[in-house]
Asker: 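I have a structure I would like to understand better, so I am pasting it below and will then ask my questions one at a time.
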Amino acid sequence: MPSLLQVSGLHKVFNGQPSVDGISFNMEQGRCVALLGPNGAGKTTTLRMLAGLLNPSRGRILFEGKLIGKDYRKQIGYLPQSPSFYNWMTGEEYLLFASRLSGMGRKEAAGRAEAMLERMGLKDAAKRRIGGYSGGMKQRLGLAQALVHAPRLLLLDEPVSALDPIGRREIMELLREIGRETSVIFSTHVLHDAEEVCDDIIMMNHGVIAEQGSLSSLRAKYNRPVITLRVEQRKEALLWLETLNTRSYIHESRMEGDGSVFLKVEDMEAARSAILREAADRGIPLMRFEAGSLSLEDVFMEAVGV
Ligand SMILES: Nc1ncnc2c1ncn2[C@@H]1O[C@H](COP(=O)(O)OP(=O)(O)OP(=O)(O)O)[C@@H](O)[C@H]1O
Ligand SMILES: [Mg+2]
């Protein structure tokens, strides 16, 4: 069985500027993938290419081993970042319209539209005009539209970014449910959203993939012990901090500028006793010694360079 999606060397150039600069990944059926990155990373451009709405400048997208073609649109559901609706339509009319567009007959469309309105908690609002819907209701209608034809792959562009905490919670709950039945890719700039519902993470920045993998493998890969150390702002103490990175038990160090240093270490116990001994031998008082471990948040911050 080929992967659900195989993306290789995907590029999109706008006016000579690359928005997506060569990304490759595979996605297996049934997974929920978070496309995570800051503003301008290239998430929307990537999703629009995956949705078949934008032609790549280079690279290719295979869906179940085949190049995406005409009938691909029936296989996917897409919720844009800022969906626009016909405000004069009712929710029900809009879903019927979306179902008919996807090629369903009148009867099937009516049945599916009703089921989706019910599922998205919009049954009572079905006959009201969309213009009077709240932001959360519009987003649920957008989800209903993306799901109405039972697609094999759901592409959601920042489905919760514009919502208040309650609206956000509602959509996240729905996503968790939908993720059990359908393969989903959704973009977000919030790591926490990705961790809440997804199996896999693709971290993007400046049009390229900075890091990718399953949530658990990324956690394991980056679960490195770290020590934060602060000394008095005295010359010999600061010099000592600066030379710490030459020690074999220290993997990486970063001076923070306020007399503190952030150390990624190989072995917490070895590092702890060595550092405490060195400081004592030199008569350097430690203002702060904190042992912890790197979180995925730190990895994300590092990957996106902020
Ligand atoms: N149609 C377009 N014409 C010209 N440049 C574009 C176009 N679409 C996107 N870009 C540029 O491509 C880059 C990536 O944009 P994109 O919208 O894909 O990022 P994003 O990760 O979705 O950001 P956000 O989090 O703000 O939604 C940006 O620099 C953007 O200005
Ligand atoms: Mg975007």
Side-chain angles (χ1 to χ4, degrees), residues 5 7-25 27 31-61 68 72-73 76-85 135-136 138-143 145-147 151 153-165 167-168 171-172 174-175 178-179 183-198 200-213 215 218 296-297 299-306:
L5 265 186
V7 174
S8 51
L10 207 58
H11 282 79
K12 184 68 196 182
V13 179
F14 288 115
N15 314 319
Q17 292 288 325
S19 291
V20 171
D21 204 8
I23 64 170
S24 304
F25 66 90
M27 175 183 183
R31 305 291 282 186
C32 174
V33 178
L35 194 57
L36 181 66
N39 290 137
K43 305 181 295 294
T44 297
T45 308
T46 300
L47 285 172
R48 295 188 63 214
M49 288 192 280
L50 295 179
L53 295 170
L54 195 63
N55 284 327
S57 306
R58 255 188 295 148
R60 61 177 200 177
I61 303 167
I68 62 174
Y72 172 64
R73 291 299 303 280
I76 57 147
Y78 173 62
L79 177 64
Q81 185 162 1
S82 329
S84 51
F85 297 99
K138 281 188 182 163
Q139 203 66 341
R140 279 182 277 141
L141 185 64
L143 258 187
Q145 161 278 132
L147 275 169
L153 171 64
L154 195 58
L155 303 165
L156 309 172
D157 198 354
E158 306 221 19
V160 296
S161 299
L163 300 178
D164 68 14
R168 188 188 158 282
I171 298 285
M172 290 306 276
L174 285 167
L175 279 187
I178 293 163
S183 311
V184 182
I185 303 183
F186 87 85
S187 69
T188 174
H189 54 263
V190 182
L191 174 67
H192 182 69
D193 292 348
E195 289 184 294
E196 228 177 287
V197 291
C198 280
D200 303 307
I201 293 190
I202 296 176
M203 288 185 191
M204 265 189 98
N205 197 18
H206 304 303
V208 297
I209 295 178
E211 187 57 274
Q212 62 176 315
L215 203 52
L218 288 179
L296 215 48
E297 186 75 40
V299 178
F300 176 48
M301 289 304 183
E302 218 164 279
V304 304
V306 286

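We count ligands from 1, going down the list as the structure has it; atoms in each ligand are counted the same way.
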Asker: With a sphere of 6.0 Å drawn around NE2 of His11, does it hold more than 12 non-hydrogen atoms of other residues, nucleotides or ligands?
Answerer: yes

Asker: Do Leu156 and Ser187 come within less than 4.5 Å of each other through their side chains, counting heavy atoms only?
Answerer: no

Asker: Cut-off 3.5 Å, no hydrogens considered: what does the side-chain donor-acceptor table look like for residues 31-44, sequence neighbours left out?
Answerer:
| residue | atom | partner | partner atom | Å |
| --- | --- | --- | --- | --- |
| Arg31 | NE | Asp200 | OD2 | 2.9 |
| Arg31 | NH2 | Asp200 | OD1 | 2.9 |
| Lys43 | NZ | Gly37 | O | 2.9 |
| Lys43 | NZ | Pro38 | O | 2.9 |
| Thr44 | OG1 | Gln81 | OE1 | 2.7 |
| Thr44 | OG1 | Asp157 | OD2 | 2.7 |

Asker: Using 2.8 Å as the cut-off, count the protein N, O or S atoms closer than that to the Mg ion (ligand 2).
Answerer: 2

Asker: Considering only N or O atoms, set out every pair between ligand 1 and the protein closer than 3.5 Å, with distances to one decimal place.
Answerer:
| residue | atom | partner | partner atom | Å |
| --- | --- | --- | --- | --- |
| ligand 1 | 12 (O) | Ser19 | OG | 2.5 |
| ligand 1 | 18 (O) | Thr44 | N | 3.4 |
| ligand 1 | 18 (O) | Thr45 | N | 2.9 |
| ligand 1 | 18 (O) | Thr45 | OG1 | 2.5 |
| ligand 1 | 19 (O) | Gly42 | N | 3.2 |
| ligand 1 | 21 (O) | Ala41 | N | 3.1 |
| ligand 1 | 21 (O) | Gly42 | N | 2.9 |
| ligand 1 | 21 (O) | Lys43 | N | 2.9 |
| ligand 1 | 21 (O) | Lys43 | NZ | 2.9 |
| ligand 1 | 22 (O) | Thr44 | N | 2.9 |
| ligand 1 | 22 (O) | Thr44 | OG1 | 2.7 |
| ligand 1 | 23 (O) | Gly40 | N | 2.8 |
| ligand 1 | 25 (O) | Asn39 | ND2 | 3.0 |
| ligand 1 | 25 (O) | Lys43 | NZ | 2.7 |
| ligand 1 | 25 (O) | Glu158 | OE2 | 3.2 |
| ligand 1 | 26 (O) | Asn39 | ND2 | 3.0 |
| ligand 1 | 27 (O) | Gln81 | OE1 | 3.0 |
| ligand 1 | 27 (O) | Gln81 | NE2 | 2.9 |

Asker: For Asp193, enumerate each residue passing the side chain to side chain contact (heavy atoms under 4.5 Å, CB included) test, keeping only those at least two apart in sequence or located in another chain.
Answerer: Val160, Arg168, Met172, Phe186, Thr188, Val190

Asker: Answer whether the closest heavy-atom distance between the side chains of Val184 and Leu153 falls below 4.5 Å.
Answerer: no

Asker: Looking only at atom types and distance, does a side-chain atom of Lys12 sit under 3.5 Å from a main-chain N or O of Asn55, one as donor and one as acceptor?
Answerer: yes

Asker: Quick check against the 3.5 Å criterion: does Gln139 have a side-chain atom that pairs as donor or acceptor with the backbone of Pro159?
Answerer: yes

Asker: Does the side chain of Val13 come within less than 4.5 Å of Asp21's, by heavy atoms?
Answerer: no

Asker: With heavy-atom distances below 4.5 Å as the criterion, would you say the side chains of Arg73 and Tyr78 are in contact?
Answerer: no

